[in-house]
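When a ligand or atom number is given, it counts from 1 through the structure's own listing order.
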Amino acid sequence: MGAKILVSACLMGHAVRYDGQAKPVVHPALDRWRAAGRLVTICPEMSAGMPVPRLPAEIEPGRSAADILSGKGHVRESNGGDVTGEFLQAARNALALAIETGCAYALLIDGSPSCGSGYVYDGSFSGRRQRGEGVTAALLKANGIQVFSDRQIEELVAAAGR
Ligand code: SF4
């Protein structure tokens with residue numbers, strides 16, 4: 001069996017997003033990996049005790065996930081609430097699970113302040129995207145786990161095997 005793949009729970013159809021919705025992705029490789037026992041599912045934010053639904057959160061303007069991981073800057077809810085601690089815990093939980101279960105790869109929903117790997121929102125809560133990654137994705141990458149977004153399943157198939 002190939003190495004395991006950590007996967008966003010909302011991508012697997014779990015209704016765990018801030019708005020109470022899922023963001024299911026359908027792909028034959030996901031079915032094969034699931035049948036082979038290669039998928040390890042987590043919602044990092046829920047693992048850190050965040051409720052469903054919850055307020056939307058974004059990394060504050062001018063800061064990156066790397067800044068958050070090094071103690072500079074905050075992750076804020078749309079009402080200004082500071083959820084930096086929860087987002088750091090979420091990332092640590094995901095990394096711990098990935099290590100414990102032998103995940104070499106992660107397949108994460110893009111755009112999330114936790115799971116994003118190609119883009120995130122700019123911190124103004126106005127729907128503007130910018131290149132960047134979420135806190136969990138950044139911590140996984142920094143620890144040698146190859147992170148793919150939901151738009152990169154073919155690339156993940158090439159890397160992880162069918
Ligand atoms: S933290 Fe990740 S798994 Fe959880 S709802 Fe957000 S994108 Fe999905």
- Message: Nearest 0.5 Å, please: how far is CD1 in Ile68 from CZ in Phe87?
- Response: 10.0 Å

- Note on the structure: Note: Arg54, heavy atoms under 4.0 Å from ligand 1, region reported as side chain

- Where the side chain of Ser112 meets the backbone of Ser114, is there a donor-acceptor pair that is under 3.5 Å apart? yes

- Item | Point-to-point distance, once rounded to the nearest 0.5 Å, from CD1 of Ile109 to SG of Cys10 | 4.5 Å

- Message: Using 0.5 Å steps for rounding, measure from the SG atom of Cys43 to the CE atom of Met50.
- Response: 9.0 Å

- Task: Might you point out which heavy atoms bring Ile153 and Asp150 nearest each other, and give the distance in Å?
- Result: CG1-O, 3.7 Å

- Asp110 side-chain N/O to Ser149 backbone N/O, donor-acceptor pair under 3.5 Å: no

- Message: Quick check for you: within a radius under 2.8 Å, how many protein N, O or S atoms neighbour atom 4 (Fe) of ligand 1?
- Response: 1

